[in-house]
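What follows is a short report on a single structure.
Remember, it's a predicted structure, so these values are computed and weren't measured experimentally.
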Amino acid sequence: MTITRKAQDLIRFKCRKCSLTYGVAPCTASGASGTECRNTRKTCQDLPNYTETTQNIDFVEASEAIPDTGNIIFPTLNEKGVSYKENEINPGALSRKVSALGKTGDITISLMDHIHHDRGIDPYYSTRPTEPQGTYWVRWLARNYYQGMTIERYRVIDGVVSTDKQTFYVKDISYSNGNVSVRAEDIIKKLSETLIPAVSTGILASDITDSQTIFTVTGGSYEASGSIVINDETMTYTRVGETFTVVRGANAKSHSQNDNVQQALVYTDQRVDDVAYDLTVNQAGADSSLVTFADWQDEITAFLPAVRLTRTIGEPTEFGKLLAELQEQTLVSEFFDQDSQKIRLVAYKPGITVKQINDDSNITSAGVPTQRDDDARINVVTVHYGKTDPLEDDKPKNYARTQKIIAPAETIARYDGAIKERQVFANWLAADQQSQAYYLGSLMLIEGEEERTTVGFELEYKDNDLDITDIVAITTRDLVDASGAPIEKTAIVISKKEVEVGSRWQYKAILSAYANLRFGYIAPTNIDEEYAGEWTYDLLNDTLTNIDLMDGSDSFDLNYAPFYNFWWVTEEQKDKYVWLSDGTNNFDDGREPYQLV
């Protein structure tokens, strides 16, 4: 007999409130008793001094035991009143059927309206001349601006509220016949429509000629120096107050009084992590506590250290579009991880297999459903990079360089000889980023030579340590070779969802040829062979502190130490670490050694 634990949802609304007391400094409101605000922005009578805090209001299903959370709590959550769609990333932005951002997580909450006396909600309840009219939600909607408000989802198990949570931000609320439907989204989706750079409101004080380099801009807010755009002309500037001194290019034109002057956002030769952080936190407004920037730096240092991004954003553009373009062109994934409550930045990379699973030992579902996308197959990738004018459309003629990668002729012939091309307009890559353009096109080709295959599987508690972006090796009767025999396939986890509290998780993953590649470092020649054994053993224990791989040696080669079959080498270590062969044959267990390409 299987015993399952019943879990209920607890939905916490972090309602926005003013922390001040009506009419008490610094609040300058002065209405008569009974006419006070409700300490919300929408009802505020002194907006310049509005000081925001939050009040937690909890909602659960009606039951015999309502948990004590220390907050006002209403048992008005409908049974099965929470519908959750988990994150589903799009690694490397390789799928063109969904956004490069993938499918961001969202939640829909169904509640019942109810009568409430307003005590604990209206801080000035005692001064009101009459009892509140209407119902709780009708009044709440009249008193509050709610878009972007934080909602937290907790699980209640055996009457105890879990400390784990999911976080969302209100998109909209609808009300009909006493039923309330709240739709909320994760932080990436919430920020996706934020315009970057912000819309500038300054205008030219007078007409200017095509050669004029000093003029006045009235209104708006601008950096002390940088770049601006007037109509379709970009120019660099310095300013003193409203007086701008500019440097104009070959396409200088005359402009008219009252023409808008737009601040441009410029990135020049910057790392991927620095640009992603600036876009997400400084420009779009994500709370910096949601980002562990050291992790972002480690990821990019390890896998994209040489990639540099250059771009002038001269027109206000949605954050979601900018991030999607960055992800496609650098093959990273930025997403909100509900488990860690952090925005993660992960490179598309060959990696370490976290877990090997199969039908007999791990997979609890009846099978491994697969979905194949033949439209994703490609055999030619063309990358355009080095955009010549940031304000021009994405067309080949507006890019200085083109990198074309073509599959071998036999690969093209295998699929009826039809050319299936993918074009990438890499507006983040300058003309000197040929290596990244080639890498981008090559990886797209590696993953696109076969149909894109998505697999689903369920795992129980003992195997639930897989996370989004982890690499898993799957052996199942639903993935076979031409003879029908099961064959191990490597896949990248793209989504994870708990389907039975504390005992069963549902995963989606995409099969990946690139993730199956193995990689390692090349050691300097001055590591003596007599110490190779010690060096290899240290590697297995992650202790390389005494070895400097960048020691200035003029030449490097591969140091081979044949310890692969030693008793102390575990299966995990065989899979995780670099093993080189002194010949062309495979190791005894059939595993292929690394090769230098």
Side-chain angles (χ1 to χ4, degrees), residues 2 4 84-92 94-98 102-103 333 348-379 411 414-416 420 443-500 503-518 571-572 574-576 586 589-592:
T2 300
T4 59
Y84 169 57
K85 294 181 181 178
E86 68 278 9
N87 265 345
E88 185 176 310
I89 65 168
N90 181 8
L94 296 180
S95 173
R96 287 179 287 179
K97 288 195 171 182
V98 296
K103 299 176 182 178
S333 294
Y348 196 93
K349 55 185 181 286
I352 300 164
T353 301
V354 172
K355 186 177 290 295
Q356 294 181 324
I357 63 173
N358 57 64
D359 291 328
D360 297 328
S361 303
N362 315 93
I363 299 171
T364 60
S365 47
V368 176
T370 60
Q371 181 178 1
R372 290 175 168 81
D373 178 11
D374 288 313
D375 292 335
R377 187 183 294 123
I378 54 176
N379 47 39
T411 300
R414 184 177 296 117
Y415 299 110
D416 301 326
K420 302 190 72 173
L443 190 148
M444 285 184 168
L445 200 60
I446 289 172
E447 295 289 40
E449 286 187 2
E450 299 291 339
E451 69 272 14
R452 180 183 174 90
T453 302
T454 303
V455 299
F457 54 90
E458 291 186 1
L459 302 176
E460 57 187 14
Y461 178 77
K462 69 181 180 68
D463 295 312
N464 81 325
D465 52 348
L466 280 177
D467 290 319
I468 294 175
T469 74
D470 281 347
I471 295 172
V472 59
I474 306 172
T475 304
T476 171
R477 60 184 175 275
D478 296 312
L479 296 170
V480 300
D481 62 17
S483 73
I487 183 172
E488 182 179 277
K489 291 288 188 178
T490 302
I492 302 172
V493 176
I494 61 174
S495 72
K496 176 182 181 180
K497 182 178 183 179
E498 186 180 38
V499 292
E500 193 172 283
S503 62
R504 193 161 53 91
W505 282 260
Q506 189 177 77
Y507 293 86
K508 278 187 180 180
I510 55 166
L511 301 189
S512 169
Y514 185 68
N516 194 43
L517 297 179
R518 308 177 72 202
E571 289 301 317
E572 179 183 5
K574 288 180 179 180
D575 184 69
K576 181 175 182 180
N586 293 348
D589 61 2
R591 186 187 296 271
E592 294 182 358

Fill in: Donor-acceptor under 3.5 Å (N379 side chain, K420 main chain)
yes

Worksheet item: Heavy atoms, side chains only, cut-off 4.5 Å: are L443 and L94 in contact?
Response: yes

Worksheet item: Can you check whether V368's main-chain N or O pairs, donor with acceptor, with D478's side chain at less than 3.5 Å?
Response: yes

Discussion item. Using the side-chain contact (heavy atoms from CB on, under 4.5 Å) criterion, which residues pair with Q506? Sequence neighbours excluded.
Written reply: E458, V499

Item to complete: Take the angle between the ring planes of Y461 and W505 and call it parallel below 30°, perpendicular above 60°, tilted in between.
Response: tilted

Discussion item. Within the 3.5 Å criterion, strictly below it, is a donor on Q356 or T475 matched to an acceptor on the partner's side chain?
Written reply: no

Which atom pairs, donor and acceptor, lie under 3.5 Å between side-chain atoms of residues 479-488 and protein residues at least two apart or in another chain?
from, atom 1, to, atom 2, distance (Å)
D481, OD1, S483, N, 2.9
D481, OD1, S483, OG, 2.6
D481, OD1, G484, N, 3.2
D481, OD1, A485, N, 3.1
S483, OG, A485, N, 3.4

Worksheet item: Tell me, do N362 and L459 make a side-chain contact under 4.5 Å, heavy atoms counted?
Response: yes

Worksheet item: Does any non-hydrogen side-chain atom of I494 lie less than 4.5 Å from one of P91?
Response: yes

Fill in: From E88 atom CD to T454 atom OG1, the distance as rounded to the nearest 0.5 Å
7.0 Å

Practice prompt. Could you tell me whether the side chain of I474 reaches within less than 4.5 Å of the side chain of V455, counting heavy atoms only?
Written response: yes

Discussion item. Between K355 (side chain only) and D470 (backbone N and O only), is there a donor and an acceptor less than 3.5 Å apart?
Written reply: no

